[in-house]
Structures are given as C-alpha cells and as structure tokens.
Protein chains: 2
Amino acid sequence: MSYSIGQVAEKLDISPYTLRYYDKEGLLPFVDRNEAGRRQFKDNDFNFLEVIVCLKEAGVPVKQIGHFIDLCMAGDTTLQTRYDFLADHEQQLMAKMARLQHTLDFLRWKKWYYKTALLAGTERIHYLPGTNHVNPAVRQKFERLVADGASPEELGRLV
Amino acid sequence: MSYSIGQVAEKLDISPYTLRYYDKEGLLPFVDRNEAGRRQFKDNDFNFLEVIVCLKEAGVPVKQIGHFIDLCMAGDTTLQTRYDFLADHEQQLMAKMARLQHTLDFLRWKKWYYKTALLAGTERIHYLPGTNHVNPAVRQKFERLVADGASPEELGRLV
DNA sequence: ATAAAATCTAGAGTTAACTCTAAGTCAAGT
DNA sequence: ACTTGACTTAGAGTTAACTCTAGATTTTAT
C-alpha cells in the first residue's frame with residue numbers, strides 16, 4: 001500500500017507544504033519516488049512520521065529532528081545515541097510539563113482573584129485601602145485556602 | 001521601592017531588549033517614567049508582570065496578552081471578560097498538557113523500542129523477517145506490558 | 001571630574017517554521 | 001481528447017518574537 005503526499009498530509013493533519021518543507025530539511029530521506037518523481041509513502045514510513053510528529057509536539061526544533069532521522073538511517077551503531085536522544089527529550093518534556101503545571105496553578109489563582117472581585121462587583125476589594133495596588137495578603141489567603149484542602153481548580157470556578 | 005529595566009529583567013530572567021519590545025507592543029502601559037524618561041517599575045507592577053510571564057508560558061501570543069492588559073487598565077466593567085479570558089486559556093492549557101502527556105507516553109514507547117533493540121544488539125529484532133519494516137505486533141506487545149501494570153517510564157528506562 | 005555602564009528611541013536584522021507562487025508535469029474522470 | 005486537480009521544484013514571502021545597532025543621554029563609581 002502506498003500514499004500520496006496529500007493523503008499523508010490529511011492523515012497527519014498537516015499541509016502538503018509542510019511535508020515538502022520537512023523533506024527539504026532532510027526529515028524524510030526514507031520516502032520513495034515513483035517513475036515521475038512523485039513521493040510515494042509506504043506503511044512503514046508512518047513509523048518515522050509518528051516520531052517526527054511526536055518530537056515536533058515535544059518542541060524539538062526541525063534541525064534536531066533531522067539529526068535524529070540521520071541517526072535512524074545510519075543503522076545499529078547509533079542505537080545508543082538514539083536512545084540517549086529520546087531520554088534527553090523525555091527529561092526536557094517532563095520539565096516543561098512541570099512548568100506548565102505551575103502556570104496552570106497561577107492561572108487558577110488569577111481566576112479566583114477575578115471571581116471574588118466579580119462577586120464583590122469591583123476589583124477594589126483586593127487593593128490596599130486608598131491605593132490601586134493589590135494587597136499581598138490576598139495571594140496568601142488563596143494559598144491558605146489551597147493548603148486547607150481546596151483544589152485550585154475548584155476555587156477558580158465561577159457560577 | 002522602584003526598579004530599573006535591568007533589575008526587572010534580571011528578576012524575571014528575560015533580557016531588557018525583550019522588556020522594551022513588550023512595552024512597544026503595549027504590554028507595559030502601567031510602567032512609570034522618571035524625569036529623564038527612564039522606566040521606573042514599582043512593586044505593584046510585578047502583579048502585571050507575573051501575569052504576562054504566565055500567559056507567555058501558557059503559549060498566549062503577545063498581541064493577545066496586550067489585549068488582556070488593555071482590559072486590566074479599563075477598570076471594573078471588564079472583570080467578567082478578564083475572567084472568561086483566563087478560563088479560556090486554562091482550558092487550552094489543560095488540552096495542551098493532555099497532548100503532551102500522550103507525547104511523553106509515545107517517547108517512552110520509543111525508548112523501550114530502542115532499549116530492547118540495544119539489548120539484542122540490533123534493531124532487526126523489531127522487523128518483519130526479511131524486511132526493514134517494523135513489525136506492528138511490537139507496538140502491541142509494549143501496550144500489553146503497560147496494560148498489565150508496567151509503567152511506560154519503567155519500561156523505557158535502560159540499565 | 002570623568003570614565004564606564006545603563007538607559008533611551010527608532011529602526012534594522014535575525015531566526016524558525018512555515019506558506020505560498022510560478023511554471024511546469026502527471027493522473028483521473030467524462 | 002481534454003479538462004481538472006494533484007503533484008513537482010526553486011525560490012520568494014510571511015509571521016512572531018525577539019535581538020541588536022546607532023547615536024544620544026543619564027546614572028554610577030572611582
């Protein structure tokens with residue numbers, strides 16, 4: 001079974017332009033061509049394509065993905081290097097997810113801030129008296145509520 | 001207490017160039033200037049800066065962050081809009097984290113693939129006999145191990 | 001007092017990752 | 001046979017988010 005660039009693009013939900021760009025950047029050395037020079041993807045190619053999509057999603061730059069594909073084409077002598085590459089990006093991805101969890105927590109604290117302001121009808125309830133400056137104690141109050149067992153997502157939910 | 005652009009840059013671990021760029025894009029309308037025209041950040045400004053950094057980390061484009069800051073400057077009539085904005089990006093961030101978890105799982109399956117290949121000394125153990133194509137059953141074997149209680153991170157770990 | 005470091009603006013340059021255009025070839029349907 | 005649409009390449013254009021340069025001014029340190 002073989003697939004045109006358009007069919008692959010549809011399956012992966014990326015444009016044919018992007019696939020050609022990846023090819024230009026050396027990410028698709030495994031793709032066959034027919035007599036007329038058109039790309040003919042085969043089933044096994046999706047194993048590579050899945051890796052490319054995965055690394056993209058993980059935030060790995062195209063150049064580095066190209067490097068990994070080079071290692072794949074080089075054969076068994078690069079198995080350890082490939083493992084190390086993936087292990088490295090696994091660590092980076094875990095670190096990123098931890099950062100995003102903090103970001104999410106912050107977003108929820110701000111939601112709580114606006115929820116309580118909305119209920120009061122004004123943001124002034126969070127200000128130090130006579131100023132437009134947020135009272136630092138407000139943040140601490142939120143942290144206390146979380147420490148006392150309330151989940152940030154619960155606290156941030158309005159209705 | 002007030003802070004120069006350099007001091008703020010250091011605290012937030014971004015360059016003064018970037019801060020000036022944010023200002024140019026309308027993200028810092030709250031910053032005061034001294035007699036000579038230099039930026040003078042005050043303690044309360046860090047409440048805004050924290051939000052900017054948070055939204056950046058969440059992947060929100062600079063233009064949209066500028067829109068949010070505009071809402072902040074507009075006063076209490078925009079409280080609901082601001083809440084909705086944060087709730088929207090909370091959802092987007094959760095969706096992204098779910099995608100990243102899948103990406104991480106895929107990365108770990110590939111680590112297991114290379115780990116087992118390394119132990120065998122060759123990637124051929126994963127190929128269909130007489131081909132260079134990966135046996136689809138290999139992926140299923142990994143999934144079965146995970147279903148039987150092994151964690152993907154355990155399976156992917158070498159040594 | 002003076003040198004060095006930090007800041008200012010306007011605007012140019014950079015980079016990554018697409019995204020598209022042009023001009024041509026090939027394939028599928030009527 | 002012919003039209004329509006998918007594909008090819010080379011190369012230009014776009015966009016976002018910085019990142020830097022130049023030339024002037026201000027602040028800090030000796």
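The sequence lines fix the lettering, A, B, ..., with proteins before strands; numbering per chain opens at 1.
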Problem set entry | Contacts of type salt bridge (Lys or Arg N to Asp or Glu O under 4.0 Å), residue B:Lys42, not counting sequence neighbours | B:Asp32, B:Asp45

Seminar exercise, completed: Hits for salt bridge (Lys or Arg N to Asp or Glu O under 4.0 Å) against B:Arg108, two or more places apart or cross-chain, chain-then-number order -> A:Glu90, B:Glu153

Exercise. Counting only side-chain N and O atoms of B:Asn34, is one of them less than 4.0 Å from OP1 or OP2 of D:dT26?
Worked result: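 Checking B:Asn34 against D:dT26: no side-chain N or O falls below 4.0 Å of OP1 or OP2.
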
Problem set entry | Any A:Tyr22 side-chain N or O less than 4.0 Å from OP1/OP2 of C:dC18 | yes

Seminar exercise, completed: Expected list for residues 48-58 of chain B near DNA chain C, using heavy atoms below 4.0 Å, is none

For this session: Sugar-phosphate means primed atoms, P, OP1 and OP2; the rest is base. With that split, encode nucleotides 2-16 of chain D 5' to 3' as B, S or - using protein heavy atoms under 4.0 Å.
Result: ----BBBB-B-----

Atom [atom1] of [X] to atom [atom2] of [N]: distance rounded to whole Å?
| X | N | atom1 | atom2 | value |
| --- | --- | --- | --- | --- |
| B:Glu35 | D:dT26 | CD | P | 10 Å |
| A:Ile14 | C:dC18 | CD1 | P | 8 Å |
| B:Ile65 | D:dA17 | CD1 | C1' | 11 Å |
| A:Asp13 | C:dC18 | CG | P | 13 Å |
| B:Leu28 | C:dT9 | CG | P | 11 Å |

Seminar exercise, completed: Residue pairs meeting salt bridge (charged side-chain N to carboxylate O under 4.0 Å, His left out), one or both in residues 7-19 of chain A, sequence neighbours left out, come to none

Seminar exercise, completed: Residues pairing under side-chain hydrogen bond (donor to acceptor under 3.5 Å, both in side chains) where one sits in residues 97-106 of chain B, two or more places apart or in two chains, turn out to be A:Glu57-B:Arg99, B:Gln101-B:Asp105

For this session: Mind checking side chain to side chain contact (heavy atoms under 4.5 Å, CB included) for B:Glu50 and listing every partner two or more places apart, or none if nothing turns up?
Result: A:Phe106, A:Arg139, B:Asn47

For this session: Report the residues that fulfil side chain to side chain contact (heavy atoms under 4.5 Å, CB included) with B:Ile14, sequence neighbours left out, ordered by chain and then residue number.
Result: B:Leu12, B:Leu19, B:Tyr22

Exercise. Is the closest basic N to carboxylate O distance between B:Asp23 and B:Arg33 below 4.0 Å?
Worked result: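 Salt bridge between B:Asp23 and B:Arg33, a charged N being under 4.0 Å from a carboxylate O: yes.
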
For this session: Applying ring-ring contact (aromatic ring centres under 6.0 Å, His included), name anything that partners A:Phe68, two or more places apart in sequence or on another chain.
Result: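 With sequence neighbours excluded, A:Phe68 shows a ring-ring contact (aromatic ring centres under 6.0 Å, His included) to A:Phe85, given in chain and number order.
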
